[in-house]
Structures are given as C-alpha cells and as structure tokens.
Amino acid sequence: MAASAIIVWFSLTIFSAFVLIISASTDQPATSGDFNTTALDDQSFIYNATDNYTTTDLPKPPTTTPTPSYSSTEPVPPAEPLPVSGSLLTPVTDVGRLCPCDDHQDVCDMNCCCDRKCKEEESLFTRCSVGSVRGSRQLCERDVASYTLRTKIDGYSELTSSVQKETNYDVFCIQSQNRVDGLSHPSPTLPTESNFEELFKQFTSFIFGSVSSDKMFPAEVQASSGYQFGDVMLTAGDGEDGGMLYLPAAAVTADCVNSPAAFLKDQRSRCSRRVVLDQDCSSLPGLNMNTYTNIQLSAGKKTDAAVVPVEVKSIILQSAEGTQTELTISGGEDLRPVLLRPTLCANVVLKVVYVIKYTSAGYVVNATVSLVLGFIRQAAVLLEQEFQLTFIQENGGDMPVQYSGNPGYVVGMPLVSGTRTTNGISRSLDLRDTLSVLHSSPDQDCLQGPHRRSPVLFGLDSVSGCTLRLEDTNCSLVSQLVLDVLRGPDYPQYVASFGNSPLESPLDWIQIRSLVHPSDSPGCSIPLSRHLEVEWTKYGSLLNPQAQIVSIREVIQTNTSSLTVLSSSSILPVSSSVAFIPASAAAVPGYRATPTIDAKLPFDFFFPFV
C-alpha cells in the first residue's frame with residue numbers, strides 16, 4: 001500500500017512540473033517581421049503580383065525583468081501580451097489592372113488578353129499568353145483575374161474576363177498583421193547642413209561648375225589625354241581651370257537649364273525662356289548669339305591641350321511671319337538682339353546646332369555652329385528655343401544621314417527623298433532639302449519669295465497654298481515659276497519605301513509618278529494645284545507591323561480657261577496638298593497546313609514475321 005502511494009505521489013509531481021514548463025514557454029513574448037515578397041508559379045501563363053500595403057507603427061510592448069525565485073517569495077508577474085493585431089489594409093495595386101504581357105505602350109500586343117488596347121484585335125487571338133494574374137501568395141485571401149477565349153460561330157474568338165477571390169490554404173498565409181517597429185528597412189538619411197556635401201558627392205556622377213584638373217576622371221582614364229565616351233566637353237577659360245560646354249535643356253519644368261555636353265553623346269532638346277522685352281531683349285545672354293559662338297573648346301581633357309575655336313557655319317534669319325533667308329557671312333555684322341519697338345525684339349536666337357568633328361584618339365579637330373535668328377513680337381512671352389549637338393568622326397564622311405524609322409516609317413517624321421545617280425541614290429544631308437509643300441502664311445504671293453516650306457510628314461495630311469497675281473503676260477515663264485514654287489527647290493524624284501532604306505539599293509526607292517491634267521483651252525497653261533497621293537501599307541507580322549510606302553503620285557491641275565479670262569480676275573488661288581492613303585489588306589486568320597509524314601521503314605523491319 002505504501003509503495004502504491006509513493007508511485008501516485010511521484011506521477012503527480014512529474015505532471016505538475018510538465019504543466020509549469022508549458023505555461024512558462026507560452027508566456028514568452030514573440031515578434032514577427034513584415035514580409036513582402038513576390039512569388040512566381042512554375043506555369044508560364046500565370047503571373048503573380050505582390051501588393052503593397054501601408055502599415056501603422058504599433059507601440060512597443062513594455063519589457064519586464066524577471067525576478068529570481070530564490071530572492072523573493074512573491075509570485076512572478078506574467079509578461080504583458082503584444083497589442084491586438086490589426087487587419088490587413090486595402091491593397092494599393094488592383095490585380096484587374098495588371099498586365100505583365102503589355103510590353104508596348106498604346107499598341108496592342110498580340111495574344112495579350114489583358115491589354116486594354118486590344119479591343120478590336122481580340123477576335124484574332126488564338127490563345128491568351130497570360131491566363132491569370134494573381135495577388136501575393138503570402139495572403140490567405142487574394143484576388144485572381146482570369147482571362148479565357150472561346151470560339152464563336154463565325155470562327156472568331158471572344159474574350160471573357162473575371163476577378164474573383166481565392167483562398168490560400170497554406171498554413172503560413174498572412175491573415176492579420178502585427179508589425180513592430182525596427183523590423184523594416186531603415187529610414188533614409190535626411191540631408192542636413194553637416195552631411196549635405198557627403199550625400200551630394202555620393203549621389204551625383206559629376207559636379208556642375210568649373211573642372212579642376214583631373215579629379216573627375218578615374219585613374220585608369222587619366223593616362224589618356226583624349227576624350228573618352230561620356231566625358232564632359234571642356235572649354236578653354238581665362239584661368240588655369242577651364243569650364244565646360246553647356247547645352248541648354250529642359251529639366252523638371254520646360255524652362256532652360258544649362259546641362260553639360262558629353263563626348264560622343266548626340267543631344268537634341270527644346271526648352272523655354274520667360275522674356276520681358278524691355279528688360280531682357282539686349283541683356284539676357286540666352287538670346288544673344290555671342291553666347292553660343294564665342295566658345296573655344298579644349299581638344300583634349302588635359303589642361304595643356306590645344307584650343308579649337310567654334311566657327312560659325314551658317315546664320316538663317318527668320319522673319320516675323322516665319323519665312324527664312326540664309327545670311328551671307330562676310331564678317332563685321334552686328335547681330336546682337338536689338339529692341340526695335342516696345343513689343344518687337346530682333347536677332348533673337350531660336351535654334352543652335354553644334355557639329356563637332358573628332359579623331360579616333362578622342363581629340364577634337366573642328367567645331368561648327370549654325371544658328372537661326374528671329375523676332376519676338378510680344379512684350380512678355382515664353383520663348384521656345386531648340387538646341388542640337390552632333391559628333392562626326394574625322395575621315396568618316398559627312399554628317400550621318402538621318403532616317404525616319406527603323407525600318408518602317410514613323411508618323412510625324414519627314415519622308416526620305418533623293419535623286420537617282422549612276423552609283424545609286426543621292427540625298428541631301430539638310431532636312432530642309434526634302435520633299436516639301438508650301439507653308440501657308442498671310443498674303444503669300446506665289447511669284448514673290450522667299451517662300452516658307454514644310455517637309456511632307458508621314459501619315460499627316462496637309463493643305464496649303466499661295467495667291468497668284470497675273471501681272472506678266474509671258475505664259476511659259478509664269479507657268480514654270482509657279483510649278484517651281486509648288487515643287488520647291490531641288491525637287492527630288494525618288495522616295496524611300498522604308499524609313500531606313502539604304503542609298504546604295506535603288507530597288508528600295510520608289511519613283512514619283514507625275515500626272516498633269518492639261519488645260520482644255522489652247523494657249524496658256526498655268527498650274528493651279530499640286531496634289532501628292534502617298535499609298536502605304538503595313539509590312540511584316542501582325543505583332544509589330546512596319547509602315548512601307550508602295551507608291552507616290554503627283555497630280556498637277558492646270559487652268560481650264562484662256563489667259564484673258566485669267567488676267568481679268570487678277571488674283572488666283574494656288575493650292576498644294578498631301579494625302580496618305582492606306583492600302584493594307586485586312587488581316588485574315590489562317591492555319592498552317594497539316595505536315596505530311598514521309599516515313600520509310602527498313603526492308604527487314606517485320607522480320608521474322610514477314
């Protein structure tokens with residue numbers, strides 16, 4: 001009996017100790033981190049996105065120091081529990097608007113069922129490249145956007161989409177959050193007066209202002225005195241340290257901000273300046289051509305390099321109406337901005353084009369600048385200026401030819417035109433010497449120049465013209481003058497079928513067919529209208545079609561009455577127009593032919609049965 005009592009007492013002692021251990025372990029405080037990862041399934045047609053949530057910092061639980069049991073007879077107070085967990089906030093990202101296969105902006109991506117630009121092309125889809133888009137896999141409930149295709153009676157596809165809630169049965173899914181401060185990414189360093197210089201050097205690749213010796217160049221580059229790709233172009237200054245070549249450009253706003261020009265990096269920018277004529281016409285440096293011409297470049301990046309002055313190649317004067325005339329540079333002209341009236345400032349810089357020629361060793365050998373000077377009419381105006389910088393290599397030919405697409409034409413780019421030679425196609429490097437039309441201006445006379453012209457831009461129809469005053473009875477002379485005005489100087493005969501058609505491939509160029517409607521009455525025949533019809537088509541795949549010109553026709557309409565009738569009216573309208581006509585056939589869904597199997601068996605294949 002005593003033995004059984006001892007056994008019962010021993011069992012109760014062990015059970016009590018086990019209960020105390022469990023209660024002690026459960027009273028320990030626990031912390032959890034804030035996880036935010038993106039999980040991707042193995043299947044290629046499922047896309048998983050991670051939603052971003054905003055969390056609220058919760059107060060830290062107070063810490064308690066356990067009291068040793070041997071120093072006091074008072075019981076140990078239990079640790080305070082963590083604050084109650086809050087529910088997850090609404091995700092910032094809407095799964096229904098995510099589309100991982102939408103690679104091209106404002107263009108339909110084939111078989112991308114979630115692309116919002118594919119409303120008209122959905123009937124041609126054969127499958128969905130992305131079948132569903134899921135939310136974060138860490139959440140216990142996530143949104144799933146599903147896309148499916150079904151075939152209609154007429155054989156075309158019909159898209160159905162839906163967004164539903166999906167339950168995640170993973171035991172480690174997140175149902176609520178209990179974020180404790182300190183378990184997230186550290187806060188970024190805020191700039192102060194003491195650490196601003198250090199942060200500025202850390203997050204900037206170059207320093208605006210003067211360049212001091214070779215501090216901004218790496219050690220391995222300092223051995224070479226020639227420019228390397230991306231180096232800042234240096235100018236020769238009065239002191240020991242030179243400056244930098246600046247090219248104005250738009251920054252956060254459209255206002256002009258000086259930006260250093262980098263070697264071998266072609267740049268083109270547009271920016272605006274706020275001008276008050278009575279104050280800034282003659283004093284603002286950005287309006288004066290001397291600011292862009294009185295520059296001496298350093299041939300290399302060493303302080304003892306040769307000096308290359310910037311030469312003025314051409315100056316074009318633009319009238320207040322927009323007509324342009326090239327000025328013959330003879331030296332000694334004073335083209336500084338001048339205030340003619342309180343609301344009219346002349347010789348203002350509108351466009352600057354730099355061309356820098358360099359050697360293979362990285363030295364500058366020549367630099368030229370071309371300018372366009374014009375007028376400002378208003379007392380306070382927002383002046384828009386254009387700046388361009390181009391690099392060409394010595395002994396590498398002239399300025400590189402500019403194209404209008406690669407390969408297909410781009411809407412808004414000028415048509416590439418030229419003339420036929422024995423060696424192929426010849427075209428001017430100046431964009432003004434291209435297929436062009438008259439640019440309408442008030443009271444523009446067809447026989448009194450200069451005439452303002454605009455290049456024919458792909459995909460943009462246009463109508464313009466001029467007025468013809470018949471004061472000369474020489475019919476043949478007037479007829480030829482009007483025709484030259486309608487066609488423009490150096491009228492090209494060929495147009496490139498693609499935006500990057502090579503000059504040495506004449507078969508890629510299309511001849512302009514000219515059709516003249518003769519006058520019904522004998523005698524004088526004067527052109528009264530010129531119309532260009534450009535037919536183009538989509539070439540290539542449906543996924544990325546390219547614009548190709550297939551034909552171009554020039555239609556010239558002459559007068560239908562005699563010279564005496566034309567002379568009586570004294571003023572005649574002469575028009576010039578361009579129309580782009582799409583000639584693409586509608587895309588038809590098709591199927592590839594079933595492959596044929598041409599199998600040949602060896603003669604003893606069925607041995608020994610046959």
Side-chain angles (χ1 to χ4, degrees), residues 38-51 91-137 139 141-169 405 407-411 458-461 498 534-551 579-598:
T38 301
L40 297 176
D41 292 344
D42 296 335
Q43 299 178 358
S44 60
F45 60 87
I46 296 178
Y47 178 83
N48 292 276
T50 300
D51 299 324
V92 177
T93 305
D94 184 9
V95 177
R97 302 188 63 88
L98 295 177
C99 191
C101 57
D102 188 7
D103 298 328
H104 303 84
Q105 185 178 4
D106 296 332
V107 177
C108 174
D109 295 80
M110 243 341 134
N111 293 329
C112 185
C113 297
C114 54
D115 193 348
R116 298 180 181 273
K117 297 295 181 180
C118 296
K119 297 297 182 182
E120 299 178 0
E121 289 85 359
E122 289 176 355
S123 59
L124 303 179
F125 287 179
T126 57
R127 61 183 181 87
C128 288
S129 57
V130 174
S132 62
V133 181
R134 302 178 183 274
S136 175
R137 291 181 56 181
L139 303 181
E141 288 185 0
R142 54 184 175 181
D143 293 336
V144 178
S146 302
Y147 304 94
T148 57
L149 290 177
R150 70 180 186 89
T151 304
K152 298 189 295 186
I153 301 177
D154 53 2
Y156 293 96
S157 299
E158 184 180 14
L159 176 64
T160 58
S161 61
S162 63
V163 178
Q164 298 178 352
K165 284 284 186 180
E166 184 182 76
T167 302
N168 184 9
Y169 297 99
Y409 276 98
V410 179
V411 176
F458 179 80
L460 302 180
D461 299 344
F498 287 101
V534 183
E535 293 186 353
W536 65 280
T537 183
K538 294 181 180 179
Y539 179 85
S541 63
L542 291 175
L543 185 62
N544 187 22
Q546 301 294 315
Q548 176 191 13
I549 295 178
V550 294
S551 69
F580 287 85
I581 303 173
S584 303
V588 178
Y591 302 93
R592 296 181 179 179
T594 304
T596 59
I597 300 176
D598 187 11

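Values below: every heavy atom of this structure, side chains too, minus hydrogens, waters and symmetry copies.
- Rounded to the nearest 0.5 Å, atoms OH (Tyr156) and OG1 (Thr151) are 12.5 Å apart.
- Here the closest non-hydrogen pair linking Pro100 and Asp103 is O-OD1, 3.8 Å.
- Atom CE of Met110 sits about 6.0 Å away from atom CG of Leu124, to the nearest 0.5 Å.
- For the atom pair CZ (Arg142) and NZ (Lys165), the distance works out to 11.5 Å, reported to the nearest 0.5 Å.
- Side-chain atoms of Cys99 and Val130, non-hydrogen and from C-beta on, never get closer than 4.5 Å to each other.
- Taking 4.5 Å as the limit, every side-chain heavy atom of Gln164 sits out of range of all side-chain heavy atoms of Asp143.
- Contact record, Lys117 with Cys108: O-CB, 3.6 Å, taken as the closest heavy-atom pair.
- Considering only heavy atoms from C-beta on, Trp536 comes within 4.5 Å of Pro582 through its side chain.
- You'll find the side chain of Asp109 stays beyond 4.5 Å of the side chain of Cys101, heavy atoms only.
- Separating the CG atom in Leu149 from the OG atom in Ser161 is a distance of 10.5 Å, to the nearest 0.5 Å.
- Residues passing the side chain to side chain donor-acceptor pair (under 3.5 Å) test with Thr167, sequence neighbours excluded: none.
- Scored by the side chain to side chain contact (heavy atoms under 4.5 Å, CB included) test, Arg116 finds Arg97 as partners (sequence neighbours excluded).
- Arg127 meets the side chain to side chain donor-acceptor pair (under 3.5 Å) test with no other residue; sequence neighbours excluded.
- For Tyr147, the ring-ring contact (aromatic ring centres under 6.0 Å, His included) test picks out no residue, with sequence neighbours left out.
- Side chains of Thr148 and Thr160: a donor-acceptor N/O pair is present below 3.5 angstrom, by distance only.
- In this structure, Cys118 and Cys112 have their SG atoms no less than 2.5 Å from one another.
- Remark: Glu121 pairs with no residue by the side chain to side chain donor-acceptor pair (under 3.5 Å) rule, at least two apart or across chains.
- Nearest approach of Ser132 to Val144, heavy atoms of both residues: CB-CG1, 4.2 Å.
- Between Tyr409 and Phe458, the angle of the ring planes stays under 30°, which puts this pair in the parallel group of the 30/60° scheme.
- In this structure Ser584 satisfies the side chain to side chain donor-acceptor pair (under 3.5 Å) test together with Thr537, sequence neighbours excluded.
- A pairwise comparison of heavy atoms in Leu460 and Val411 identifies CD2-CG1, 4.3 Å as the closest pair.
- For the residue pair Phe125 and Asn111, the shortest heavy atom distance occurs at CE2-N, 3.4 Å.
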